[in-house]
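Here's the structure, in structure tokens; my notes come after.
A note on names: the letters A, B, ... follow the listed sequences, proteins ahead of strands, and every chain is numbered from 1. Since we're looking at a predicted model, the values are computed, not measured.
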Amino acid sequence: QTTPDSIQRQVWDGKLPVCFVLPEDPDVPPLYSLVPRVGYFPALLDRLRAHLSRHAGIDEDSPGAQQLWLRSAGRPLRWHLPVGLLYDLERPKPPPLPWEVEIRTRDFPTDELVSFGPNNSLESYFLYCLKEADALKHRARVINEMGEREHRQLWQGLLNDQFDQFSVVNRKLMEGEAKYLPFRIYQQGADGGLSVLQCLAKPHREDSTPLTLSDLLRICLPNFTDPVTLATHGVSLPMETPLAWAYDKLAYPDNFLHLVLQPGRCNSAGDGESSAMQLDSSRILTVI
Amino acid sequence: LSGPMLSRSAFNEALPQLLARLSGRLSWPMRLATVGAESDTPVMELQTSFLVAGPAADASDSAPVLVQVRLHIGFSSAYACPVLHFCLSQPDGVPLAASDAADFVRVNVESSTGEAAGQLDLASVLSQVPHPQLGCPMYTLHPCRTAELIGRLTSASEADRDGSGEVRDTNAAALAVLSWLTVYGRAVGLQVPQSASCS
């Protein structure tokens, strides 16, 4: 059961202070926002358009506003990925907070970024992810048995930051025996390229002991020998952590455990330097 | 789930036969590509590109609208079934606007199935997503119902002769994928000739 101070609740409540700027027009004031780590940037598009309309004279229906996209450290933000994962992927290390993100109104990179809008909604993409996760766990039986009303409730719960509304339905997806556990391992290259690893992983080894993150790495990267760490939500995980435990406690609302591969060994105390889950409140000037 | 499951290795083994069956009958460029790896198993696709008539822009247009379809036929391990990823553009390479892409698929589906306009909830099965290995944005049809269909197709063709629950017969796997493609390919204007399933 999820209590207010449970790990799942803390994961849900994690937020990042973000500062949206418009380099095309430096006179436009930045928009500050506390963005949920488990949420998605395209959910903020309406607010960003409203801000541009109010301060930059860019009409919300104009091509610029409609073709809006986001950049960080000179690269398009792959906004189909959750906000927290994008932050944790930034190289060479997560940027100082508040995270400065650029708004762009020209040259939408059609060959790199998924376009979200009335004909391709973020909600439908979220459901696509949930379906795939349930296909891995339960051959999609649970998600298919749910009606549209429950699918909507999952999305609305996430969109409106309503943990209880979300959890009461999500519990059905997270309980019971899973055939394979939904996870992805991400590695950001120095050139900005992102490699994504996914494979079929059962919760247990052949001898019925729990499958660990070490085992997982050996399955996904059979010939890899360098010391590495797997991290999620800004926290490095010990390699002996059972995958099933990590999945149960740390999966994102899309029902995937998103793991970031980092070079080097994990300290058993975790990454004490990470400021990812802490707010630096002295730097937040205005929250709109 | 009825019928034996298709695996990625069975799909990979069936691809050369699928390529042979199609390239003899369709005049478009077609190739097998390895786009990544899943543990020890290569992730392979059959990739092709073709021009088809698009939905009419409006009644007064006399010139046919052409759409360039770039189609990747791959495999989803999560659903244990084949999956389509595709890009739609004007012949000059400019990607179709999202609304035009949705119209293109809708018109193709409706003309194949005869379903009345408005009854098909396209949004729940058509999404633009990042390609799982290549990362670039492509359209896909959610495979949620496909696994059932493949199960029935492979059952019908006795693909699971050793009772293992997995398709082992390459010929049966190729025919199952071909039958699936005959159905799902219509969404992007692909007409698979019947002769492709003959020996």
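- Looking at B/Thr41, there are no atoms closer than 4.5 Å to chain A (heavy atoms on both sides), in backbone or side chain.
- The heavy-atom pair separating A/Trp79 from A/Pro42 by the smallest distance is O-CD, 3.3 Å.
- Using a 4.5 Å cut-off between heavy atoms, A/Asp111 contacts chain B through its backbone alone, with no side-chain atom that close.
- Contact of A/Gln198 with chain B is made through the backbone alone, with heavy-atom distances under 4.5 Å.
- For the residue pair B/Leu51 and B/Gln68, the shortest heavy atom distance occurs at CD2-OE1, 3.4 Å.
- Options A/Gly193, A/Cys220, A/Ala135, A/Ser195 differ in how many heavy-atom pairs under 4.5 Å they form with chain B, and the most are formed by A/Ala135.
- The pair A/Glu150-A/Lys172 counts as a salt bridge, with a side-chain nitrogen and a carboxylate oxygen less than 4.0 angstrom apart.
- Seen from the ring of B/Phe75, B/Arg8 does not count as a face-on cation partner, given the 6.0 Å and 45° thresholds.
- Counting heavy-atom pairs under 4.5 Å between each of B/Cys87, B/Pro130, B/Ser127, B/Cys136 and chain A puts B/Pro130 at the top.
- A/Leu113 touches chain B through its backbone: at least one of N, CA, C or O sits under 4.5 Å from a heavy atom, while the side chain does not.
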A/Asp215 vs A/Arg218, salt bridge (charged side-chain N to carboxylate O under 4.0 Å, His left out): CA-CA, chis, key distance, verdict: CA-CA 5 Å; A/Asp215 297 328; A/Arg218 252 177 271 122; 3.3 Å; yes

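- In this structure, B/Arg25 contributes its side chain and B/Ser195 its backbone to a donor-acceptor pair below 3.5 Å.
- For a residue to count as touching a neighbouring chain, one of its non-hydrogen atoms must lie under 4.5 Å from one of that chain's; by this rule A/Tyr128 touches chain B with backbone and side chain alike.
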